[in-house]
Protein chains: 2
Amino acid sequence: MVQLKSKRSTDPEAIAHVGLDVLENVLSYYIRSLNMAVSRDLDEKLDGLEVAKGTGKITTLLLVDRHPGIRSSVIAQLVMRDRSAMVRVVDQMEEQGLLTRRADDEDNRAQGLFITRKGRELADRIRPVVVKQSRDFFPDLSDEEHRTLITLLGRTYRRIVGLPQQTPA
Amino acid sequence: MVQLKSKRSTDPEAIAHVGLDVLENVLSYYIRSLNMAVSRDLDEKLDGLEVAKGTGKITTLLLVDRHPGIRSSVIAQLVMRDRSAMVRVVDQMEEQGLLTRRADDEDNRAQGLFITRKGRELADRIRPVVVKQSRDFFPDLSDEEHRTLITLLGRTYRRIVGLPQQTPA
DNA sequence: TCCGATTAATGGACTTTTGCAACTATGATT
DNA sequence: AATCATAGTTGCAAAAGTCCATTAATCGGA
């Protein structure tokens, strides 16, 4: 069971009766809160794996592995970060030997990103961890409920980042 | 429609066919991503309102309004933040005249937080904004789907922060 | 009733992130 | 060729979060 860090300092009794006011019915509140919790938990699970600390390294690694030659600006858009923030992530990952940059043949302003052997190995290592962590984090959801969440949140996500909606099978 | 900031720099074509690898089915990925987007959007909507920049000020304000004398450590637990981080939030809000600290009658180590007139007025102002923003952010969800998300995510949230589960009506 | 352990709140120093704006180089437009 | 837009980059400064130590008060025995 995933629990809040240690700091369970406050008397459990004290918190049990706290109402969240209107936030009780505010979806974004739960998203913001759960984000913190789930991100921390993931960091722990990934501890030592060179991609810890969620700055988008995981997404970058997987996307580069999946799409050789992808541009950093595309990744930036998907992870909703500034281009300049992406540069730093790529810098770091290049130093770590996880990927390489190479100028695009057609457009010399752009450069494609390519995974290295080491990067691919890492990607293969973390894929199952990431998937498992996410599922394990929500033990109180049935598989169906879990799928429902992915479907609904994915819909909004795709709209926002400009990805086409999934065709309803 | 909520869209990503301005920076729609990249050619829409380039992004349309990008697959997210395993992240496609990772709930935490959507939560992390949407968190960024929804938080930014809220900041914009709240611009100028003294509680912008999501450091938990909104939650703090609403909770203090709802629960006079609540302790900062309880709020810290609910917003999943370090106690020392809470101190700074409370400091700031006290300076802004939104709330006051007063030693607890029963336990002199603790201090309760109390809202001021100004704080209450602000709380009344932002309540509808927060609720509306959250709903508007998910225009592609039906009311029922929206309720479903709140129910499911709320369940996990409550478990994590140690709030009792909602009795199924 | 005194001592040690515990808890609440706080303060300080530190590291990490991040967002913005400016800059270069290349490509596109007219 | 002149102008404008775009990809990537860099530096800077603000903001956030973490870690650790400190103060003060309470509680539980011996």
Side-chain angles (χ1 to χ4, degrees), chain A residues 4-15 32 35-37 39-40 43-44 47 51-57 60 69-77 79-95 99-113, chain B residues 4-15 32 35-37 39-40 43-44 47 51-57 60 69-77 79-95 99-113:
Chain A
L4 196 58
K5 274 267 159 79
S6 40
K7 317 300 174 56
R8 160 72 78 244
S9 46
T10 307
D11 176 12
E13 279 307 301
I15 208 170
R32 264 194 305 271
N35 168 59
M36 305 206 60
S39 296
R40 277 182 206 154
D43 272 357
E44 289 174 23
D47 196 39
V51 283
K53 291 292 173 185
T55 43
K57 276 179 279 190
T60 302
I70 192 174
R71 299 184 186 180
S72 68
S73 54
V74 171
I75 301 179
Q77 189 172 340
V79 301
M80 306 201 230
R81 258 204 205 62
D82 197 66
R83 292 205 305 304
S84 64
M86 266 317 293
V87 172
R88 277 139 197 161
V89 172
V90 174
D91 278 349
Q92 190 184 348
M93 295 180 71
E94 194 174 30
E95 278 174 31
L99 46 81
T100 60
R101 298 184 231 234
R102 191 196 315 157
D104 189 296
D105 299 326
E106 302 176 1
D107 186 342
N108 271 313
R109 291 171 301 181
Q111 25 188 347
L113 302 179
Chain B
L4 197 57
K5 272 272 161 76
S6 40
K7 316 300 176 55
R8 158 72 77 242
S9 45
T10 306
D11 176 11
E13 279 307 302
I15 207 169
R32 263 194 304 275
N35 168 59
M36 304 206 59
S39 296
R40 277 183 206 152
D43 273 356
E44 290 173 22
D47 197 38
V51 282
K53 295 291 174 184
T55 43
K57 277 181 276 191
T60 303
I70 192 173
R71 300 182 187 181
S72 68
S73 54
V74 170
I75 300 178
Q77 188 172 342
V79 300
M80 305 200 232
R81 258 202 206 62
D82 198 301
R83 290 205 301 308
S84 62
M86 264 318 292
V87 171
R88 276 136 197 161
V89 172
V90 173
D91 279 349
Q92 190 184 350
M93 295 180 71
E94 194 173 29
E95 277 174 31
L99 47 79
T100 60
R101 297 184 229 233
R102 192 198 313 157
D104 191 296
D105 298 327
E106 302 176 1
D107 187 340
N108 271 312
R109 291 171 302 181
Q111 14 189 344
L113 302 179

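Reminder, nothing fancy here: chain letters follow the sequence lines and each chain counts from 1.
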(message) Please pick, from C:dT10, C:dA9, C:dT18, the nucleotide with the shortest atom-to-atom distance to any side-chain atom of B:S84.
(response) C:dT10
(request) Look at the side-chain N and O atoms of A:S73 and state whether any lies under 4.0 Å from the OP1 or OP2 oxygen of D:dG8. (result) yes
(request) In whole angstrom, give the distance that lies between atom CD of A:E106 and atom C1' of D:dG8. (result) 18 Å
(request) Kindly point out which of C:dA9, C:dG27, D:dG8 is positioned nearest to the side chain of A:D107? (result) C:dG27
(message) Expressed as a whole number of angstroms, how long is the span from A:D43:CG to D:dC19:P?
(response) 11 Å
(message) Does A:A85 reach a base, just sugar-phosphate, or nothing at all? Heavy atoms under 4.0 Å.
(response) nothing
(request) Supply the atom-to-atom distance B:K57 NZ to B:Q92 CD, rounded to the nearest 0.5 angstrom. (result) 4.0 Å
(message) If I compare all heavy atoms of B:V87 with all of B:R101, which pair ends up nearest, and what's the gap?
(response) O-NH2, 4.3 Å
(message) Which nucleotide wins on minimum distance to the side chain of A:D82, given the candidates C:dC20, C:dT26, D:dG11?
(response) C:dC20
(request) Compare every heavy atom of A:N35 with every heavy atom of B:R32, then report the nearest pair and how far apart it is. (result) CG-OD1, 3.0 Å
(request) Mark yes or no for a side-chain to base donor-acceptor pair under 3.5 Å between B:R88 and C:dG12, with no hydrogen or angle criteria applied. (result) yes
(message) Whole angstroms only, please: what is the CD-P distance between A:E95 and D:dT9?
(response) 13 Å
(request) Determine whether B:S72 and B:L113 make a side-chain contact, defined as any pair of heavy atoms from C-beta on separated by less than 4.5 Å. (result) yes
(request) Measure from CD on A:Q92 to C1' on C:dT18 and round the result to the nearest Å. (result) 15 Å
(request) Could you tell me whether the phosphate oxygens of C:dT10, OP1 or OP2, come under 4.0 Å of any side-chain nitrogen or oxygen in B:Q111? (result) yes
(request) May I have the distance from A:L99 (atom CG) to D:dG8 (atom P), rounded to whole angstrom? (result) 13 Å
(request) Take atom CE of B:M36 and atom C1' of C:dT18, then tell me their distance rounded to the nearest Å. (result) 9 Å
(message) Check the phosphate of C:dA25 against A:N108, side-chain N and O only, distance under 4.0 Å to OP1 or OP2. Yes or no?
(response) no
(request) Report yes if a side-chain nitrogen or oxygen of B:R71 is closer than 4.0 Å to either non-bridging phosphate oxygen (OP1 or OP2) of C:dT7; otherwise report no. (result) no
(message) For a quick test of reading the model: is some side-chain N or O of B:R81 closer than 4.0 Å to OP1 or OP2 of D:dG17?
(response) yes
(message) I need the CG-C1' distance between A:N35 and D:dA16, as an integer number of Å.
(response) 14 Å
(message) Nearest 0.5 Å, please: how far is CD in A:Q111 from CZ in A:R102?
(response) 11.0 Å
(request) Could you check A:R109 against B:D91 and say which one's nearest nucleotide on DNA chain C is further toward the 5' end? (result) B:D91
(request) Take atom CZ of B:R102 and atom C1' of C:dA9, then tell me their distance rounded to the nearest Å. (result) 17 Å
(request) Give the nucleotide from the list D:dA7, C:dA9, C:dT17 with an atom nearest to the side chain of B:R83. (result) C:dA9
